[in-house]
A.B. asks: 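Can you read through this structure? Questions will come right after.
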There are 2 protein chains.
Amino acid sequence: MASPPPKQTMKERILETADKLFYMQGIRAIGVDTIAAKIGISKRTLYNHFPSKDALIAAYLERRFVQPRASDKPPAEQILATFDSLERRFASKDFRGCPFVNAVAELGPEDRSVRKIAIAFKESRRAWFRDLLRELGVADAEGLATQLVLLVDGSIAQDLVRDDPAMARAARQAAIVLLAHAGVNIDKSIPDKPREAAKIRQPDAS
Amino acid sequence: MASPPPKQTMKERILETADKLFYMQGIRAIGVDTIAAKIGISKRTLYNHFPSKDALIAAYLERRFVQPRASDKPPAEQILATFDSLERRFASKDFRGCPFVNAVAELGPEDRSVRKIAIAFKESRRAWFRDLLRELGVADAEGLATQLVLLVDGSIAQDLVRDDPAMARAARQAAIVLLAHAGVNIDKSIPDKPREAAKIRQPDAS
DNA sequence: GACTAGTTACACAGGTCTGTGTAATCAAAA
DNA sequence: TTTTGATTACACAGACCTGTGTAACTAGTC
């Protein structure tokens, strides 16, 4: 259990484990004892690095907040790649929705610190779309960016309950229509992937 | 505190209170003692009507599962009215996201009974859209219905963290584009409400 | 009045949780 | 070697949770 080459700082080891457990099982569902036990350290050590569970939660969310790295691919391609990436993540068994939305749903919008970072994350995603749309010369880049994040979050929420990667494909198709309507020329070199028409999975009968 | 005309059944009184508390503060955050205390009954009585908290949770979600009532308004109008209704609900301080998505996020997709009813709800909403689209003669009613529910759930998730009714307007505008692209004639009698172009609220600086 | 069904107050078992206090241990730096 | 800092084991306080057991009480109904 104890990883032989612990060449990370203790703080990072704690955060890494907390991340896995918080994300996969829920923040309220995981106690600090569980985290410490999983790493093989004492609870005292954990509390030496984080003054409280709340601080650990905040650090967990901050660590999840990574800016999308810049790319030299054409903007339209980057936008559509977002949905392909989503589809891949939906197919993974380790995907369990958006950690920020989940945290707000679990802890409540009254938790100011949690909500604040969730808002910052959502806004950064929207700004990323918006800047790409501006590059494409879209008139109402703000508005269209908002519509695109709706598709992203909508597919994530749907996948969380349905566990169906087709939600990402449906979002991608809708995005294409919205982009085209805004005058964006979807490069034909980006294959529209004539997959079978986004068949969605029927609810499990069992 | 004790409502003088308790002309509801005890079970309904319990469910009504549980609904308010579960929805507004979270299922895990509310204990059965809290619910009983709020009604002014003993915990024993509560357990006489529901064998366990899990049963109460299931009943809470089932009570939230109401089918959209049939309407004689034109289908396109009904579809767009969905987003207007969302906008109104977003503006209310009592709105706190989709109870089904929240429950799955809080309890985890591993909770089969919770997830099952959440799937049923989501699918019923999608089927409602789909049937209206069929009435409108839309070719790929299935696919478009899926895209519309993405917009609905996306705006709900975004509003949950941002608390911004503009998300519903953005979803509505996207829906109009998608419908038009599918050949649906948006009746001009449905005013497109030339409101100011869906300005979204900037993240709170405080 | 007598019977019945629902309800109440209240204690309690057994579990979980966050966070702290303490003294011993270990390892590396001085 | 001595000192210093991090870590450990472990107990514990105080709170909260779900669920049960029990005896008394209060309505209505027969």
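A note on names: the letters A, B, ... follow the listed sequences, proteins ahead of strands, and every chain is numbered from 1.
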A.B. asks: Could you give the CZ-to-P distance, from B:R13 to C:dG6, as a whole number of Å?
C.D. replies: 15 Å
A.B. asks: Output the rounded distance in Å from CE (B:M10) to P (C:dA5).
C.D. replies: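 Value for this atom pair: 19 Å.
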A.B. asks: Side-chain contact, heavy-atom cut-off 4.5 Å: A:D159 with A:L86?
C.D. replies: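 Counting from C-beta outward, A:D159 and A:L86 never come under 4.5 Å.
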A.B. asks: Using a strict cut-off of less than 4.0 Å between a Lys/Arg side-chain nitrogen and an Asp/Glu carboxylate oxygen, indicate whether B:R126 and B:E123 qualify as a salt bridge.
C.D. replies: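 Salt bridge: yes.
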A.B. asks: Are the side chain of A:S92 and the backbone of A:R88 linked by a donor-acceptor contact shorter than 3.5 Å?
C.D. replies: no
A.B. asks: Which pairs pass salt bridge (charged side-chain N to carboxylate O under 4.0 Å, His left out) with one or both residues in residues 95-105 of chain B, sequence neighbours excluded?
C.D. replies: none
A.B. asks: Do any N or O atoms from the side chain of A:S42 and from the backbone of A:T45 form a donor-acceptor pair under 3.5 angstrom?
C.D. replies: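 Checking the backbone N and O of A:T45 against the side chain of A:S42, a donor-acceptor pair under 3.5 Å is found.
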A.B. asks: Would you call A:R125 and A:D153 a salt bridge, using N to O less than 4.0 angstrom?
C.D. replies: no
A.B. asks: Is the NZ or CZ atom of A:R64 positioned over A:Y23's six-membered ring, under 6.0 angstrom from the centre and within 45° of the axis?
C.D. replies: yes
A.B. asks: Could you run through nucleotides 9-26 of chain C and give me one letter per nucleotide, 5' to 3': B if any protein heavy atom sits under 4.0 Å from the base, S if only the sugar-phosphate is that close, - if neither?
C.D. replies: B--------BBBBB----
A.B. asks: Looking at A:H49, I want to see if its NE2 is surrounded by more than 12 non-hydrogen atoms of other residues, nucleotides or ligands under 6.0 Å.
C.D. replies: yes
A.B. asks: Counting just side-chain N and O atoms, does B:H49 come under 4.0 Å of either OP1 or OP2 of C:dG6?
C.D. replies: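 Answer is no, no contact under 4.0 Å.
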A.B. asks: How many whole angstroms separate atom CG of A:N48 from atom C1' of D:dA9?
C.D. replies: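 In whole Å, D:dA9 C1' lies 14 Å from A:N48 CG.
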A.B. asks: Taking the axis from the first five pairs and the axis from the last five, what angle separates them in the helix from C:dG1-D:dC30 to C:dA30-D:dT1, rounded to 10 degrees?
C.D. replies: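 Rounded value for the end-axis angle: 0°.
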A.B. asks: Can a side chain N or O of B:T45 be found less than 4.0 Å away from OP1 or OP2 on C:dG6?
C.D. replies: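 No, because none of the side-chain N or O atoms of B:T45 sits under 4.0 Å from OP1 or OP2 of C:dG6.
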